[in-house]
Amino acid sequence: MLRALIRLAVVKLAVYAGLAVVLIIAADKRFRRLVEADRRRLFAAARPDHPPVVTEEMLAGLPEPAQRYLRYSGVVGRPMVDTVRIRQACRMRPAPGGRSFPLVAEQWYRVEPPGFIWDATVPVGRIPVVRGRDGYLEGRGMMTIKAGSLIPFVDASGPEMDQASLTRHLSEMSWFPSAFLRERVTWEAIDDTNVRVSITDGDLRATGVLEIDAEGRLVTFRSERHAMVGKAFELRPWSAPTYAYGEFEGLRLPVRGAAVWTLPNGTELPYIEAELTDVEYDPPLPA
């Protein structure tokens, strides 16, 4: 009798597990359709006219560290970029002292008007146990994170998210550095190593400081950014250090780095570390 009950319990558990997997897979398909709709919105507007190739004359009026950085990146003589697709292998650590876990991500960018969609997955085998969607579209920031593509535990939007998302876009333009030469971007000299850069989108403005070494490599991007704390936002110091450089599409780019919050007690939380695994400029747009 006991053996029969145990067998029945095992069968039930197997059925429930199978149903859970089916539900997760179905929810993941819905999540993917949501991201695809975001991408269609991102690329809906016509591409504006711009100079076809970056020239030395475009760098002439910039602060010297900015010129040094852009020359090192290799943009001079290269085409101006309109759209970008990257892939990343990441590790995320949401809390100080907490466990980290791997995630893979694909991200699409538009230079004019600025925008991006980040599509991230935490996989266990072939099962997407966590799905994340982060973006900046039509002047609005957003973030959605779901367990198993089913249960939302982050769903953020609003003015603070708008600013945070535009700041993220500005910091990640180092992966398509010709974007730093667009009209909406302005520069301000600080010293021989640091330079302030800003981007505007309508009434919204994001600003950060680039630290550039003597060779022209980006060392870190520093700013203040709104962090989610519970259901509210707090403005905190935020940075994106570069750990390693590499080459994609003929440009020298940061290929390993992190995103770091400075916590109220002064300690730093590198909550995500990312490695760039693929970059494609002006790729065929998704259907």
Side-chain angles (χ1 to χ4, degrees), residues 35-36 38-40 42-43 45-59 62 65-90 103-120 134-136 168-185 187 195 197 199 208 210-213 215-221 240-259 272-287:
V35 172
E36 288 165 4
D38 289 338
R39 284 198 298 255
R40 286 194 292 272
L42 181 67
F43 300 121
R47 298 180 182 183
D49 292 333
H50 58 77
V53 173
V54 176
T55 65
E56 272 288 343
E57 289 73 20
M58 294 179 186
L59 277 58
L62 303 182
Q67 295 189 37
R68 191 166 72 240
Y69 160 66
L70 290 169
R71 289 192 184 99
Y72 178 82
S73 71
V75 294
V76 177
R78 304 285 300 178
M80 297 282 281
V81 171
D82 286 303
T83 58
V84 186
R85 181 194 55 77
I86 69 167
R87 291 192 174 100
Q88 301 164 310
C90 309
L103 65 83
V104 292
E106 180 176 82
Q107 189 163 353
W108 291 80
Y109 300 89
R110 183 184 180 120
V111 175
E112 288 288 344
F116 70 87
I117 292 295
W118 186 69
D119 179 18
D134 199 2
Y136 181 77
R168 172 177 172 172
H169 180 89
L170 176 63
S171 74
E172 294 177 356
M173 282 162 46
S174 58
W175 289 327
F176 43 105
S178 66
F180 283 115
L181 294 167
R182 297 300 179 98
E183 290 185 1
R184 68 176 67 241
V185 176
W187 297 85
V195 61
V197 63
I199 187 171
L210 302 183
E211 180 183 345
I212 310 299
D213 72 10
E215 196 169 343
R217 291 171 297 202
L218 174 62
V219 177
T220 192
F221 174 97
T242 296
Y243 297 157
Y245 256 81
E247 187 169 314
F248 283 97
E249 295 266 340
L251 296 179
R252 298 187 188 99
L253 308 175
V255 294
R256 283 197 304 110
I272 188 166
E273 296 185 352
E275 180 176 355
L276 208 60
T277 59
D278 190 39
V279 179
E280 189 174 3
Y281 294 134
D282 293 325
L285 299 182

Under 3.5 Å side-chain donor-acceptor pair for Gln88 and Glu106: no
Scanning both residues in full, the closest heavy-atom pair of Pro177 with Tyr281 reads CD-OH, 4.4 Å
Considering non-hydrogen atoms only, spot the tightest contact between Gly135 and Ile117 and give its length. CA-CD1, 4.2 Å
Of the non-hydrogen atoms in Ala66 and Leu62, which two are nearest, and what is the gap between them? CB-CB, 4.1 Å
Between Tyr72 and Arg252, is there a cation-pi geometry (under 6.0 Å to ring centre, at most 45° from the normal)? yes
Thr242 side chain to Thr220 main-chain N or O, any donor-acceptor pair under 3.5 Å? no
Using side-chain heavy atoms (C-beta onward) and a distance below 4.5 Å, is Pro114 in contact with Ile199? yes
Polar side-chain atom of Trp175 near backbone of Pro254 as donor-acceptor pair, under 3.5 Å: yes
Residues forming a salt bridge (charged side-chain N to carboxylate O under 4.0 Å, His left out) with Asp278, sequence neighbours excluded: Arg85, Arg87
Less than 4.5 Å apart, any side-chain heavy atom of Gln107 and any of Phe116? yes
Tell me if the CD atom of Glu183 is crowded by more than 12 foreign heavy atoms within 6.0 Å. no
In the structure I gave you, are the side-chain heavy atoms of Val279 and Leu251 within less than 4.5 Å of one another anywhere? no
Could you check whether any side-chain heavy atom of Trp118 comes within less than 4.5 Å of a side-chain heavy atom of Arg168, counting everything from C-beta outward? yes
For Tyr245 and Leu218, indicate whether the former's side chain and the latter's backbone hold a donor-acceptor pair under 3.5 Å. yes
Is the Phe176-Tyr109 ring centre distance short of 6.0 angstrom? yes
Which atom of Val219 lies closest to which atom of Ile212, heavy atoms considered: CG2-C, 4.4 Å
Say you draw a straight line from NE2 of His50 to CG of Leu181; how long is it, rounded to the nearest 0.5 Å? 11.5 Å
Tightest non-hydrogen contact, residues Met173 and Val185, listed as CE-CG2, 3.9 Å
For Gln67 and Tyr69, which I'm curious about, is there any donor-acceptor pair between the side chains at under 3.5 Å? no
Are any of the side-chain nitrogens in Glu273 or Arg256 under 4.0 Å away from the carboxylate oxygens of its partner? no
Tell me if the centroids of the rings in Trp187 and Phe180 come within less than 6.0 Å of each other. yes
Flag side-chain contact, heavy atom, 4.5 Å: Phe221 against Pro241: no
Are Asp213 and Arg68 ion-paired here, with the side-chain N under 4.0 Å from a carboxylate O? no
Please report the shortest heavy-atom distance between Arg110 and Pro48, naming the atom on each side. NH2-CD, 4.3 Å
Side chain of Asp282, backbone of Thr83: donor and acceptor closer than 3.5 Å? yes
Report the C-alpha distance between Ile86 and Leu276 in whole Å, list the side-chain angles of each, state the deciding distance to 0.1 Å, and finish with yes or no for side-chain contact (heavy atoms from CB on, under 4.5 Å). CA-CA 7 Å; Ile86 69 167; Leu276 208 60; 3.8 Å; yes
Using a 3.5 Å distance criterion without hydrogens, assess whether the side chain of Arg78 forms a donor-acceptor pair with backbone atoms of Glu249. yes
If only atom types and distance count, is the side chain of Arg182 paired as donor or acceptor with the main-chain N or O of Arg184 below 3.5 Å? no
